[in-house]
Amino acid sequence: MRKRTSLLAAVGLVAVGLAATPATPAHAADPVFTLDSPAETGLRPHPGQGGEPQKTTVGFGVGNDTGNVFGGQSTFTIDLRPLKGVADVAFGEWGANGCTLEAAKVTCKAWSIWTHGSQVVSLDLTAAKDSRIGTVVDLTMTGSAAGATFEPTTTKVKVGGPDLVLEEAPLKREMVPGQRQALPIVLSNGGTEPARGVALQVDTTHGIDLVEKYDNCSYSVSDGSGRPWNTGWSTTICTFADEIEPGAVYETAEPLTLKASPHAFFDTMTYALYENGDQPRTTEKLTKPATGRKLALKERSARAAALRSADLDPWNNQHEFDFTVKNSADLVAHAVSLKGRAGESVKAEFGFQNNGPAWVANLRSGEDVARTDIVVPAGAKVTKVPARCRGVGADGEYREENLGAPRYHCSTTHVIGEKQAFAYPFELKIEKVVEGATGSITVGQWGPEETTIQDWDPDKTNNRAVFVINGKGAGTAPATRPSAGTGAPGPDAAASASASAPASAAAAPGSGNGAKATGGLASTGGTALPVAIGGGALVAAGGALYAASRRRAAARA
């Protein structure tokens with residue numbers, strides 16, 4: 001049985017490949033590239049279920065660990081002669097992709113090799129009419145290019161083999177915080193050979209937890225700053241030594257239990273089955289409990305299983321499920337008040353905090369959860385803009401020049417943790433003192449004309465705060481403010497002005513948390529932590545799963 005990455009992992013691989021760097025210099029030593037393919041793959045014996053041949057897709061790629069894009073033309077060749085009488089070949093879902101298919105070989109041309117690697121071609125294999133179960137042949141791809149060396153890759157193609165099939169669990173999509181539901185695990189072997197040991201991997205996002213702990217399961221540990229916001233996923237891997245015979249159906253002796261946490265909202269789970277040892281490698285830190293309990297498998301009637309179609313395709317080994325938990329996330333804009341004389345420069349941080357109780361993540365789309373819309377008061381000019389912020393016209397339309405704009409849009413990532421604060425540091429010059437000059441800070445979602453408030457935000461009155469320069473009655477800021485990452489209050493020194501920084505910042509009246517004055521700095525919350533899930537964790541997961549798919553031990557063929 002071969003392995004393939006899931007759709008989420010494939011998206012992550014493409015995202016990594018796009019991070020291109022300049023081509024390798026001519027004077028550099030010839031780079032060495034490693035070609036990639038599954039170590040082995042199995043074919044459904046001819047003629048397949050229903051009398052129709054069933055295809056197995058094999059992907060071939062090239063890895064690039066040099067850190068540079070290779071800009072030379074490369075030629076890749078796959079020798080098809082060993083497949084004669086064993087398998088029929090056609091191009092896979094990506095099509096020819098610059099390749100030609102002949103009876104004896106596949107030839108592909110590429111004009112660049114991206115950093116971290118590129119896809120070369122995918123082939124659909126079906127068992128030939130007169131092929132015999134148990135036949136094993138080698139399918140090898142080689143590469144050549146001027147100024148580069150390629151290490152070949154070989155996939156063992158076998159007619160027949162084990163085929164693990166995981167039943168899709170009848171889960172409820174709608175939940176409430178604290179609610180539990182069972183995750184029944186039912187599996188079978190629809191292949192021609194036994195599977196000697198299996199591994200179950202369950203990945204859940206930040207708002208969904210697995211309740212039980214077992215000694216034959218390993219659990220990921222989130223112990224870094226701001227985690228698990230910046231990864232989003234928790235991993236559980238349970239291993240079983242049972243030999244799953246063809247036609248046998250098993251289930252866990254007791255179902256696993258899923259629980260929606262207090263901060264659950266839009267969450268996702270994937271659960272997949274592998275032959276033990278073939279599960280994707282994870283870079284996460286895993287730990288094993290010592291509970292004295294072991295999760296076991298028990299055999300049950302195949303007739304009662306109601307399994308999905310069985311074939312030698314690992315796509316039926318994995319399922320994904322999205323949960324919608326009845327919850328809300330209250331985004332609160334921070335008010336800012338500045339003081340200064342004409343010609344002086346001041347610093348200020350603009351942003352917001354999520355008062356929860358839910359986290360919010362656009363895990364599939366990767367889109368920003370929210371944006372901060374800043375309207376600059378009259379008399380001031382922005383002279384320094386942070387990353388993730390862009391100057392626009394007063395009407396919100398595109399503007400070429402980023403500095404000196406009357407309005408700014410600052411984006412988040414596709415994840416906002418519960419109680420997380422975002423802050424965007426700006427520098428401004430007071431060109432003219434306009435007493436009581438007032439702008440605004442609004443947090444919400446992008447709209448064609450204005451920033452609007454998300455439907456899931458329960459309090460739409462605190463999404464807008466004032467931004468005042470030289471307002472009347474401005475005093476000192478509070479001595480505490482939300483700290484980045486946790487959102488919990490942390491001690492800060494009392495606000496004070498100095499001779500070297502005569503401009504002062506103070507909390508303005510209005511909704512949101514006050515600004516912290518430190519010289520000319522108005523701080524409304526700690527710097528937002530980099531959040532690397534969805535797009536980020538999915539990208540990382542994509543690279544890990546892709547790498548794992550080519551490391552399958554040839555000894556298991």
Side-chain angles (χ1 to χ4, degrees), residues 331-340 342 344-353 368-412 421-454 457 459-474 477 503-517 520-525 528:
L331 306 187
V332 181
H334 295 150
V336 172
S337 178
L338 303 174
K339 272 190 170 299
E344 290 182 342
S345 293
V346 293
K347 297 180 180 180
E349 286 187 356
F350 306 98
F352 68 94
Q353 177 169 324
D368 298 331
V369 174
R371 79 174 179 191
T372 302
D373 189 338
I374 304 163
V375 175
V376 181
K381 180 181 180 179
V382 172
T383 57
K384 188 175 181 179
V385 182
R388 305 193 71 88
C389 294
R390 181 67 200 175
V392 296
D395 56 359
E397 294 298 320
Y398 174 78
R399 170 189 166 97
E400 188 71 30
E401 178 60 44
N402 200 26
L403 297 180
R407 185 175 175 184
Y408 286 84
H409 290 162
C410 300
S411 62
T412 64
F422 281 79
Y424 305 96
F426 278 73
E427 291 186 13
L428 305 92
K429 182 178 181 180
I430 301 176
E431 296 186 318
K432 179 182 178 181
V433 174
V434 180
E435 187 174 342
T438 303
S440 63
I441 302 125
T442 305
V443 57
Q445 64 182 349
W446 179 88
E449 297 181 356
E450 294 292 335
T451 298
T452 59
I453 312 305
Q454 291 92 337
D457 195 319
D459 186 353
K460 296 176 174 53
T461 64
N462 58 15
N463 291 69
R464 182 182 176 92
V466 295
F467 171 21
V468 179
I469 297 179
N470 291 317
K472 292 183 178 180
S504 64
S511 61
N513 293 30
K516 167 182 169 285
L521 174 63
S523 174
T524 60

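None of the values given here were measured: they were computed from a predicted structure.
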Before giving the answer on salt bridge (charged side-chain N to carboxylate O under 4.0 Å, His left out), spell out for Arg407 and Glu450 the whole-Å C-alpha distance, their side-chain angles and the decisive distance to 0.1 Å. CA-CA 12 Å; Arg407 185 175 175 184; Glu450 294 292 335; 3.2 Å; yes
Minimum heavy-atom separation for [X] to [Y], with atom names?
X: Asn462; Y: Asp459; value: OD1-O, 2.8 Å
X: Pro406; Y: Ala394; value: CG-N, 3.5 Å
X: Ala405; Y: Val376; value: O-CG2, 3.8 Å
X: Val346; Y: Lys339; value: CG1-O, 4.0 Å

[atom1]-[atom2] distance between [X] and [Y], expressed to the nearest 0.5 angstrom:
X: Asp368; Y: Thr412; atom1: CG; atom2: OG1; result: 4.5 Å
X: Gln445; Y: Thr451; atom1: CD; atom2: OG1; result: 9.0 Å
X: Ser411; Y: Tyr424; atom1: OG; atom2: OH; result: 6.0 Å

Side-chain donor-acceptor pairs under 3.5 Å in residues 426-442, sequence neighbours left out?
from: Thr438; atom 1: OG1; to: Gly436; atom 2: O; distance (Å): 2.8
from: Thr442; atom 1: OG1; to: Arg464; atom 2: NH1; distance (Å): 3.4

Could you point out which residue of Thr372, Asn402, Val392 forms a side chain to side chain contact (heavy atoms under 4.5 Å, CB included) with Tyr408? Asn402
I'd like to know if the side chain of Arg390 reaches the main chain of Arg399, judged simply by a donor and an acceptor atom lying under 3.5 Å from each other, with no hydrogens or angles considered. yes
Check the pair Phe352, Asn463 against side-chain contact (heavy atoms from CB on, under 4.5 Å), reporting the backbone distance first and the verdict last. CA-CA 8 Å; Phe352 68 94; Asn463 291 69; over 6 Å; no
Do Arg388 and Cys410 pass the side-chain contact (heavy atoms from CB on, under 4.5 Å) test, and can you show the C-alpha distance, the side-chain angles, and the key distance before you say yes or no? CA-CA 5 Å; Arg388 305 193 71 88; Cys410 300; 5.7 Å; no
